[in-house]
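Order of the sequence lines sets the chain letters (A, B, ...), proteins ahead of strands, with each chain counted from 1. Every value quoted in this text rests on a predicted model; they were computed, and no experiment measured them.
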There are 2 protein chains.
Amino acid sequence: MGTRGRQAEAKRNDLRLLAAAHEVFTRQGFDAPVSAIARQAGVGMGSLYRRYRTKEQLLQRLCVIAMERTVEAAETGLAHADPWEGLALYVRTCVANRSGALAPVAGTIEVTDEMWRTAREADEAAERLVTRAHEAGVLRRDVTMLDISLLMEQFSRPAPGPPSPEHDHVRHRLLAIALDGLRAPGATALPGEPPTLEWYESRWGDAP
Amino acid sequence: MGTRGRQAEAKRNDLRLLAAAHEVFTRQGFDAPVSAIARQAGVGMGSLYRRYRTKEQLLQRLCVIAMERTVEAAETGLAHADPWEGLALYVRTCVANRSGALAPVAGTIEVTDEMWRTAREADEAAERLVTRAHEAGVLRRDVTMLDISLLMEQFSRPAPGPPSPEHDHVRHRLLAIALDGLRAPGATALPGEPPTLEWYESRWGDAP
DNA sequence: GGTGAACGGAGCAATTCGCTCCGATTCGGA
DNA sequence: TCCGAATCGGAGCGAATTGCTCCGTTCACC
């Protein structure tokens, strides 16, 4: 099973499509041409547009998947016995997944109910991870879950130019620096007020 | 002087043009339409294209100016008595200036001799700042000047969506975290090898 | 073989962008 | 006060790109 003729090819095409779309969108930005995705997936435009009737639908599906992977990463982190290592693993995984790379899409597509729901799930899981670290005293007090989410978003931004392993490597180094900055117990206080959940969500449009 | 008729208006237009171009390019990305710059500057397309014969020329001029401001920031930091505060001031200033926001332009425009020259100047000034901090023992040893340049570049990336003061504020907070991570003396070692100058420059094309 | 669903990609219509052209406007000198 | 020249600003052009559709072809199943 799995390779039963034409229907199986459709299934495989869908997977390759999603992978290609994730790759292209997170690397080139969300306004990459649809044809680039089809080419990268080794699939014709016709097949792409039969599966997703519009570019927006594809983007919406992609957002949901990205957030589901975020939830997964958070749960994996939560499963880690060490509160700090769990949190760090979560952050590193999300950045490696480019979970925040789809953020620039905010305001340009309609947010489905499923997207809101998954986003809430992801936020709750991340919140648990952060409060556990706070209670264990391994995370500086003046940092909130939203700070960390926005930090991951910042590090998920696509690199300029053609994708290169060097760039990924550099991002790893820089992230390590930022993670060290997250522990620093005696560090200087963070400037200003922490970001509000209201603002954070408002970037995507009005909540349901 | 300064307001002597037509000639003065041209001068003023040039300044407003450069300011507008900086704003638009760093906020929207370098492929923003030229008309947006003209509109933001309150100037007609004709005036813009008389001053800069092509979009590329405007971009090149803008790059030089951005790097000159970087040199300035480095010198200001160097003038600071405290090695750490000098470095931190430099980083904060560059990020506030969005000095690295033009990096995505790498590979899409021809690099003039003036650009190479100014870039070298900027690198040397930054190097002095970093070695002074190293010698004073206020900067973790495994961090290089290029790490810091790339960190600033990462934080200079344009924010998605419409520009908002909240976003600037958040970036300030995140930068403060990263800066704390730069001091941490007993921190975990940075992963992998530091980036090489060769690779750093190669993104812009072949050196002269 | 016959059939019909799934395939791939050429092509369409609409939009966007860099850039040019030209009429309107303004200034300095006589 | 008036004129010529210089400058301004934006409508418009051609090229390129985009999202999307249409259609001839292919292949598993009967």
Side-chain angles (χ1 to χ4, degrees), chain A residues 1-25 27-63 102 104-105 107-110 158, chain B residues 1-25 27-63 102 104-105 107-110 158:
Chain A
M1 31 218 77
T3 77
R4 191 137 37 90
R6 213 62 172 191
Q7 203 165 350
E9 184 175 2
K11 192 94 181 174
R12 254 177 302 148
N13 275 354
D14 190 29
L15 289 181
R16 298 176 64 183
L17 225 40
L18 286 171
H22 180 82
E23 168 114 0
V24 169
F25 278 138
R27 285 252 206 277
Q28 304 195 33
F30 69 101
D31 50 358
V34 178
S35 56
I37 294 166
R39 199 181 329 117
Q40 164 104 11
V43 156
M45 297 283 295
S47 310
L48 192 161
Y49 270 94
R50 197 166 325 95
R51 179 71 189 81
Y52 300 96
R53 279 199 288 206
T54 160
K55 185 181 186 179
E56 185 172 14
Q57 276 191 14
L58 174 57
L59 230 16
Q60 289 167 331
R61 182 86 194 101
L62 227 47
C63 282
L102 260 31
V105 98
T108 71
I109 63 174
E110 199 187 358
Chain B
M1 42 226 62
T3 79
R4 190 136 38 87
R6 213 59 173 194
Q7 203 164 350
E9 183 174 4
K11 191 95 182 173
R12 254 177 303 148
N13 275 354
D14 190 29
L15 290 181
R16 298 176 65 182
L17 226 39
L18 286 172
H22 179 82
E23 169 113 1
V24 171
F25 278 138
R27 284 252 206 278
Q28 303 196 34
F30 69 102
D31 50 358
V34 178
S35 58
I37 294 167
R39 198 179 331 117
Q40 164 103 12
V43 155
M45 298 282 295
S47 311
L48 192 162
Y49 270 93
R50 196 167 323 95
R51 178 68 188 83
Y52 301 96
R53 278 199 288 202
T54 160
K55 185 182 186 178
E56 185 172 14
Q57 276 191 12
L58 174 59
L59 231 15
Q60 289 168 332
R61 181 89 196 100
L62 226 47
C63 281
L102 259 32
V105 99
T108 70
I109 64 173
E110 200 186 358

Visitor: Which residues within residues 53-63 of chain B lie with some heavy atom under 4.0 Å of an atom in DNA chain C?
Guide: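 The stretch gives B:T54, B:K55 as the residues lying under 4.0 Å from the strand, ordered by number.
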Visitor: Would you mind reporting whether B:F30 and B:L102 have side-chain heavy atoms less than 4.5 Å apart?
Guide: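 The answer is no; the side chains never approach within 4.5 Å.
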Visitor: If you take all heavy atoms of B:A41 and B:R16, which pair is closest and at what distance?
Guide: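 Looks like O-NH2, 3.1 Å.
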Visitor: Whole angstroms only, please: what is the CZ-C1' distance between B:F25 and C:dG18?
Guide: 11 Å
Visitor: Give the minimum heavy-atom separation between A:L48 and A:L17, together with the two atoms involved.
Guide: CA-CD2, 3.8 Å
Visitor: Of the residues in residues 39-50 of chain A, which ones touch DNA chain C at a heavy-atom distance under 4.0 Å?
Guide: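 Nucleic-acid contacts, sorted: A:G42, A:V43, A:G44, A:M45, A:G46, A:S47, A:R50.
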Visitor: Send over the distance from B:D14 CG to D:dT7 C1', rounded to a whole Å.
Guide: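 One finds 14 Å between C1' of D:dT7 and CG of B:D14, rounded.
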Visitor: Would you indicate whether B:E110, at its atom CD, is surrounded by more than 12 heavy atoms from other residues, nucleotides or ligands within a distance under 6.0 Å?
Guide: no
Visitor: Rounded to the nearest angstrom, tell me the gap between atom CD1 in A:I109 and atom C1' in D:dG19.
Guide: 16 Å
Visitor: Could you tell me how far apart A:I37 (CD1) and D:dC20 (P) are, to the nearest whole angstrom?
Guide: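 Those two atoms, CD1 and P, are 11 Å apart.
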Visitor: Rounding to an integer number of Å, can you tell me how far B:L17 CG sits from D:dT7 P?
Guide: 15 Å
Visitor: Over all heavy atoms of both residues, which pair between A:A32 and A:K55 is shortest? Give the atoms and the distance, please.
Guide: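 Heavy atoms only, the tightest pair is O-NZ, 3.0 Å.
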Visitor: Mind checking if B:A36 touches a base, just sugar-phosphate, or nothing, with heavy atoms under 4.0 Å?
Guide: nothing
Visitor: Taking CZ from B:R16 and C1' from D:dC8, how many angstroms apart are they, rounded to a whole number?
Guide: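 Taking atom C1' of D:dC8 as the reference, CZ of B:R16 is at 13 Å.
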Visitor: For A:Q57, check side chain to side chain contact (heavy atoms under 4.5 Å, CB included) against everything at least two apart and list the hits.
Guide: A:R53, A:T54, A:Q60
Visitor: Quick one: list whatever passes side chain to side chain contact (heavy atoms under 4.5 Å, CB included) with B:Q40, sequence neighbours left out.
Guide: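 With neighbours one apart ignored, the set is B:A20, B:E23, B:V24.
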Visitor: Holding to salt bridge (Lys or Arg N to Asp or Glu O under 4.0 Å), I want the full list of residues that pass it with A:R51, two or more places apart in sequence or in another chain.
Guide: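 Partners of A:R51 by the salt bridge (Lys or Arg N to Asp or Glu O under 4.0 Å) criterion, ordered by chain and then number, come out as A:D14.
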